[in-house]
Amino acid sequence: MTELVHLAVADQVATITLDSQHNRNALSAQLVSELVGHLETAAADPDVLAVVITAAGSVFCSGADLSEAAGGGMVEGAKGLVALQRLIVTLPKPVVVRLHGPVRAGGLGIVGAADVVVCADDVTFAFTEVRLALAPAVISLTTLSRMSPRSASRTFLTGEKFSAAEAVAYGLVTEAVPAAELDDALSRVLDGLRKAYPQGLRETKALLNADLVARIDALGDDVAEQSGRLFGSDEARTAMLAFLNRKKG
């Protein structure tokens, strides 16, 4: 089986790269499992001070793997995405997301869970679930805590694309810079983190994310069940199959 997520460690940073380009880094069961495994490896490595999540190809993450979802039985997949977000939020090391390309639907759960998000200013975002008869149930655990209520209402309900500048204004992204300056912006964040002690980072992150962890623990099971119910509905299956057929056409 071809590895879909890669891990490399250098200069106190674990870089985790999504590399499932055939489906635009969709959140398949294999990709999520490998991402969780690499995060746990990074957390246990005493030489790692911080973690970067990035992606290969032109798209950061296209959301759920609809080829899997169209077959039904998505409750376990939804629980896996809840667990992934909780792992990122509770990881004892800062998690920085580097966005070079579009992020859709479930991929925004990774963005919401991360501690710092830097992106190119031409990146676009969208909560596309409503257009597939779904709801951004599981990823609401982390994204609602980052965004203003009005921005969440508009983006969740319309499913429309929004820009990197809007993502910063909404509270979803930390910083947007020209694409040519993305790695410089990432380096500045990592240089700042390298000046800190591991204990300081660990304890400060726990303070920052206490409310978010409580939200995930209180609502995680319910939103996973909601997500599984919606993915299994006739309306959603019809919408997903229509979408997949349009992609093939």
From the list Thr54, Thr41, Leu7, side chain to side chain contact (heavy atoms under 4.5 Å, CB included) with Ile16 holds only for Leu7

Group every Ile, Leu, Val, Met, Phe, Trp and Tyr by side-chain heavy-atom contacts under 4.5 Å, then state whether Val48 and Val97 land in the same group. yes

Has the side chain of Ser33 got a donor or acceptor atom that lies under 3.5 Å from a matching backbone atom of Ala29? no

Going by heavy atoms in the side chains, are Gln85 and Ile139 under 4.5 Å from each other? yes

Where is the tightest heavy-atom contact between Leu193 and Ala50, given as atom of each residue plus distance? CD1-CB, 3.8 Å

Here the gap from Lys161 atom NZ to Phe125 atom CZ, rounded to the nearest 0.5 Å, amounts to 12.5 Å

With sequence neighbours left out, what residues match Ala26 under side chain to side chain contact (heavy atoms under 4.5 Å, CB included)? Asn23, Ser62, Asp65

Asp211 atom CG, over 12 foreign heavy atoms within 6.0 Å: no

Counting C-beta onward and ignoring hydrogens, is there a side-chain heavy-atom pair between Glu175 and Cys119 closer than 4.5 Å? no

Do you reckon Val89 sits in the same ILVMFWY cluster as Leu144, going by side-chain contacts under 4.5 Å, direct or chained? yes

Name the orientation class of the two ring planes belonging to Phe127 and Phe156 (parallel below 30°, tilted from 30 to 60°, perpendicular beyond 60°). tilted

Please collect all salt bridge (charged side-chain N to carboxylate O under 4.0 Å, His left out) contacts where either partner lies in residues 83-101, sequence neighbours excluded, each pair once. Arg86-Asp217, Arg98-Asp183

When you compare the side chain of Met147 with that of Thr155, does any pair of heavy atoms fall below 4.5 Å? yes

What heavy-atom pair brings Ser145 and Leu212 nearest, and what distance separates the two atoms? OG-CD1, 3.4 Å

Derivation of the side-chain hydrogen bond (donor to acceptor under 3.5 Å, both in side chains) call for Glu203 and Gln199: CA-CA 6 Å; Glu203 296 297 326; Gln199 177 174 279; over 6 Å; no

Side chains of Thr143 and Ser140 only: does a donor on one sit below 3.5 Å from an acceptor on the other? no

Strictly distance-based, threshold 3.5 Å: is any side-chain N or O of Gln21 a donor or acceptor partner for the main-chain N or O of Val59? no

Is a side-chain donor-acceptor pair under 3.5 Å present for Glu68 with Ser28? no

Test Arg24 against Ser58 for side-chain hydrogen bond (donor to acceptor under 3.5 Å, both in side chains), laying out the working first. CA-CA 8 Å; Arg24 302 187 303 164; Ser58 60; over 6 Å; no

So which atom in Glu40 and which in Leu87 form the shortest heavy-atom distance, rounded to 0.1 Å? CG-CD2, 4.1 Å

Leu35 side chain reached by Ile110 side chain, heavy atoms, under 4.5 Å: yes

One pair to check against side chain to side chain contact (heavy atoms under 4.5 Å, CB included): Asp121 and Val177. What are the steps and the verdict? CA-CA 5 Å; Asp121 61 8; Val177 299; over 6 Å; no

Are the side chain of Asp19 and the backbone N or O of Glu3 linked by a donor-acceptor pair below 3.5 Å? no

Is there a salt bridge (Lys or Arg N to Asp or Glu O under 4.0 Å) between Asp191 and Arg188 once you walk through the steps? CA-CA 5 Å; Asp191 287 345; Arg188 287 194 296 272; over 6 Å; no

Specify whether Phe162 and Tyr170 have parallel, tilted or perpendicular ring planes, treating 30° as the upper limit for parallel and 60° as the lower limit for perpendicular. tilted

Leu132 CG to Thr128 OG1 distance, which is reported to the nearest 0.5 Å: 6.0 Å

State which residue, out of Leu99, Val103, Leu172, fulfils the side chain to side chain contact (heavy atoms under 4.5 Å, CB included) condition with Val117. Leu99

CZ (Arg154) with more than 12 external heavy atoms under 6.0 Å: no

Is it the case that atom CD in Glu235 sees more than 12 heavy atoms from other parts of the structure closer than 6.0 Å? no

Min side-chain heavy-atom separation Ser227-Val75 under 4.5 Å: no

What distance do Lys195 atom NZ and Leu190 atom CG have between them, rounded to the nearest 0.5 Å? 12.0 Å

Backbone N/O of Ala14 and side chain of His38: donor-acceptor pair under 3.5 Å: no

Rounded to the nearest 0.5 Å, what separation is found between the CD atom of Glu34 and the NE2 atom of His6? 8.5 Å

Rounded to the nearest 0.5 Å, how far does CZ of Phe243 lie from OG1 of Thr238? 15.0 Å

With a 4.5 Å cut-off on side-chain heavy atoms, are Asn25 and Phe60 touching? no

Testing the basics here: between Ala105 and Gly63, what is the closest heavy-atom pair and its distance to 0.1 Å? CB-CA, 4.2 Å

What do the steps show when you test Leu18 against Leu4 for side chain to side chain contact (heavy atoms under 4.5 Å, CB included), and what is the final call? CA-CA 6 Å; Leu18 311 183; Leu4 300 182; over 6 Å; no

Gap between atom CD of Gln226 and atom CG of Asp221 - 0.5 Å precision: 13.0 Å

Can you name the closest pair of heavy atoms from Ser20 and Leu31 and give their distance? CB-CD1, 3.8 Å

Are Val116 and Leu208 connected, step by step, through hydrophobic side chains (Ile, Leu, Val, Met, Phe, Trp, Tyr) whose heavy atoms are closer than 4.5 Å? no

Taking Arg194 for the side chain and Val189 for the main chain, is one N or O donor matched with an acceptor at less than 3.5 Å? no

Check for me, please, whether Ile53 and Leu186 land in the same ILVMFWY cluster - side-chain distances under 4.5 Å, paths through other members count. no

Are the side chains of Leu134 and Val130 in touch, meaning some heavy atoms are under 4.5 Å apart? no

Is any side-chain heavy atom of Val173 less than 4.5 Å from a side-chain heavy atom of Arg146? no

Could you report the tightest heavy-atom contact between Gly107 and Cys61, atom names first, then the distance? CA-SG, 3.5 Å

For residues Leu108 and Leu157: do they belong to one hydrophobic cluster (side chain heavy atoms under 4.5 Å, members Ile, Leu, Val, Met, Phe, Trp, Tyr)? no

Taking side chain to side chain contact (heavy atoms under 4.5 Å, CB included) as the criterion, tell me which of Asn209, Val51, Leu91, Thr174 meets it with Asp115. Asn209

Glu166 side chain vs Ser163 backbone, donor-acceptor pair below 3.5 Å: yes

